[in-house]
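Below, chains carry the letters A, B, ... as their sequence lines are ordered, and counting in each starts from 1. Side chains are part of it too, since the values below use all heavy atoms of this structure and drop only hydrogens, waters and symmetry mates.
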Amino acid sequence: MSESARGEGGRVWVPKQPKDKRAPKDIPENERWYFLEEKYPAYGNLVPRDIATREIFQVCLDGFGVAGENQVYLDLSHIPADTLDRKLGAILEIYEMFVGDDPRHVPMRIFPGVHYSMGGLWVDENQRTNVPGLLAAGECDYSIHGANRLGANSLVSCVYGGFIAAPAAIEYAKNVERNGTEGSNIYEAELNRQKQINDTLTKQQGTENQYLIHEEMGKIMTDNVTVVRYNDRLQATDNKLQELLDRWRHLSINDSNMWATQALPHARQLQNMLQLARVITLGALNRDESRGAHYKPDFPERDDEKFQKTTIAEYSGEGPVLSYQAIDVTLIKPRKRDYSQNKAAKQDIPQEVKAQAAAGGLPVKDGASQMVEQGWDENKPQTSNPAVWAQNKEEVNESVAGITPSSREQGKSLEDAGGKSVKEY
Amino acid sequence: MASTNGIKIAIVGGGLAGLAAAMKIAEQGHTVELFSVVPVKRSHSVCAQGGINGAVNTKGEGDSTHEHFDDTVYGGDFLANQAPVKAMCDMAPAIIYLFDRMGVPFSRTKEGLLDFRRFGGTKHHRTAFAGASTGQQLLYALDEQVRRFEADGKVKKYEGWEMLSLVLDDHGVCRGLTALNRHNLEVQVFPADAVIMATGGPGLVFGKSTNSQICTGSAVSACYQQGAHYAPTVNLFKFTRHQFPAKTSCV
């Protein structure tokens, strides 16, 4: 929800005074803390999700959450309602339906939730897994997003994955030796194995409830394997998951009706989810660094030497066996990620060139991306738009009526009135 | 050495990735069997709202596919192998124009050009969008294409079927899959020359998440338990409403 809203100029803030009871619109501008804009002046509200998530988490942890709860404001109310409807209609409707507030006029209250998995099946450059004849594409493969996904890259990675996997699968199928499989009994054997599993599950009389196990798994995973991770808690989580797997073996499905019931599929999904949860937890436990969305306060730095590697888990009866595969970084050399500044240049400008440029009075851009002015068209107050005039008639009229002195009366220059500044050079 | 009968490829998952693959395979004249737990138009792709990235640089900002590539690798904190990322970013503008030709109602500027918005982790207007339901529009566009091939008999859909396991031969080669009919809980086996997994993420492992109730990661876990390597990096967070609703939560 948030990123498109932030992209359209939504601002994230909390009241400066903890547990402020006032309605958001009664809190004056100088008593609002726009913490993302303050900490990340270069990207502001549009820092990537992992960073925004951690900041919101921390702000709430420090007691600044709105009304003392785990929530912050995402404010769109400064943007004209018709612009919002045109650009964000669907999500505003959903918010209004679930929460009851109109986000066009009242800031939304939000908090981070688990949303996407960057991990997935290991694939090569043609979306092929290590199992011959098995390919993967989309969110279920691990290939594109690294340790954090940028917004709006998921749809493009899905389509890309599908477009690569399709010809790769055809190519494979054309060349695979198929003789002998048609008549062999592998199909029947697998079918019988699956029927057997279902049969055992439906008939067994145990003491455990599958939905309670699912709830316990979800809770401990959310508590310990999300935004902030500690090794002792990860280890405890894995122990708990093993216990849950053990309890799963004593399920009682308690449902003999086979038509349109979901107990059996859910029981099977649950076992699979528990196995996957162990992989995620142990992968996190063994990665002693902080990188992207993976954050360990005990290991706050990125450790390229040890962990610029893909974790690969192989199944064994005892649990996942982890190994590491080096990352291909031949095209872009790794550099420190810092969203409080503009992205560092791909190649640093040599010191003497900088000195020369400074001596000659030429603008030095310090290797920042070679663009004209950043952000000139963002968050621009739209007071010149006739539609806005009509809408905010009172405010506009007030300023016209002379409550605010004109810039000339204030003795301001063209520059203060919004003319292009040269100071930034 | 291929046998003379045609190629048949099974695709598990009917979201954007699954439908994209199905369309491309059917285009080449081969046969697809598509398995999906829910009707394909309820795949979790439908919940993607923000947009789709592609460096088309129509806003005169000096954007380029290399800049997109750099943003993605930088944003991912250098944990992605770079070649596929570069290939994706190079393909992205073509993907957007392809969807445009398919009739996706992308939001437009006053001049009638495709409009682009800014998203996190970049300084450029690079995200094409269709209101705030971009995933839905893209998914429906692909669904239309795939239904055309379905009418031609190239694609057969199994909606309401859930994959249970792979069929592996003695050499560990994937030869098909077994799936459960969720209506009557019967299991069937489906031979295939290759299987493409496109089943999305495992959000439900975390209990409450913004994922749909179908995002269990179950089929992927089945592959993992049958020998496929799984690369767990990290899970991602995003803002949602401050309280999770009791039912669907795909915002």
Side-chain angles (χ1 to χ4, degrees), chain A residues 1-2 4 7 46 48 53 71 88 90-91 109-119 122 129 132-140 142 146-147 150-152 155 158-160 162 166 169 173 178 187 190-191 194 218 221 258 269 272-273 276-277 280 283 291-294 313 328 331 334, chain B residues 3 7 16-17 20-21 24-25 50-53 75-82 88 92 117-121 127 132-133 167 173-174 178 185 187 189 193-194 196-201 205-207 209-210 216-218 220-221 225 228-234 236-240 242 251:
Chain A
M1 157 173 289
S2 91
S4 39
L46 277 176
T53 298
Q71 49 188 5
L88 300 168
I91 64 171
R109 287 165 297 156
I110 56 162
F111 195 68
V114 175
H115 177 60
Y116 186 91
S117 167
M118 279 77 78
W122 180 89
T129 70
L134 182 68
L135 300 91
E139 188 179 343
C140 75
Y142 88 112
L150 293 190
L155 291 177
C158 279
V159 179
Y160 167 78
R178 281 184 287 179
Y187 297 108
E190 185 60 31
L191 184 63
Q194 294 304 324
M221 288 297 287
M258 296 302 264
Q269 289 163 3
N272 286 338
M273 283 192 273
L276 218 49
I280 295 168
R291 184 189 290 271
H294 172 73
D328 164 25
L331 298 170
Chain B
S3 59
I7 289 170
L16 217 47
K24 283 288 171 190
I25 292 167
I52 177 166
N53 280 345
D77 224 348
F78 299 93
L79 198 61
N81 283 316
Q82 294 180 351
M88 179 191 83
R117 61 161 60 124
R118 256 193 76 188
F119 249 51
T127 304
S133 62
V167 178
V173 174
C174 176
T178 62
L185 304 189
V187 190
V189 64
D193 297 317
I196 299 177
M197 300 296 296
T199 52
V205 166
F206 294 85
S209 81
T210 65
T216 58
S218 178
V220 161
S221 179
Q225 289 170 60
H229 291 173
Y230 190 85
T233 44
V234 278
L236 176 73
F237 315 91
K238 165 183 181 182
F239 310 128
T240 183
H242 68 292
V251 173

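Taking both residues in full, the closest heavy atoms of B:Phe119 and A:Leu46 are given as C-CD2, 3.7 Å, listed atom of the first, atom of the second, then distance. Counting all heavy atoms, side chain and backbone alike, A:Cys140 lies closest to B:Gly200 at CB-O, 3.2 Å. Of all the heavy atoms in B:Ser221 and A:Asn272, the pair that sits closest is OG-O, 2.7 Å. When all heavy atoms are compared, the tightest approach of B:Asn53 to A:Gly151 is ND2-O, 2.9 Å. Across every non-hydrogen atom of B:Ala20 and A:Gly162, the tightest pair is CB-CA, 4.2 Å. Residues A:Ser4 and B:Gly50 come closest through the heavy atom pair CB-CA, 4.0 Å.
Residues B:Leu16 and A:Leu155 are in side-chain contact: their nearest non-hydrogen atoms beyond the backbone lie under 4.5 Å apart.
Chosen from A:Pro48, A:Gly283, A:Ala137, the residue pairing most often with chain B at heavy-atom distances under 4.5 Å is A:Ala137. Of the residues considered (B:Val173, B:Val220, B:Thr216), B:Thr216 shows the highest number of contacts with chain A, using heavy-atom pairs under 4.5 Å. For chain A, the option among B:Gly217, B:Gly207, B:Ala132, B:Ala92 with the highest count of heavy-atom pairs below 4.5 Å is B:Ala132. Listed options B:Ala194, B:Ala21, B:Ala231 were ranked by heavy-atom pairs under 4.5 angstrom with chain A; first place goes to B:Ala231.
Both the backbone and the side chain of B:Thr199 come within contact range of chain A, judged by heavy atoms closer than 4.5 Å. Heavy-atom distances place the side chain of B:Thr178, and not its backbone, under 4.5 Å from chain A.
When atom types are taken as modelled, the side chain of B:Thr210 and the backbone of A:Val114 share a donor-acceptor pair closer than 3.5 angstrom. Using modelled atom types, one side-chain atom of B:Gln82 and one backbone atom of A:Leu331 make a donor-acceptor pair closer than 3.5 Å. Between the side chain of A:Asp328 and the main chain of B:Asn81, no donor-acceptor pair closer than 3.5 Å is present.
Expressed to the nearest 0.5 Å, how far CG of B:Leu185 lies from CE of A:Met258 amounts to 4.5 Å.
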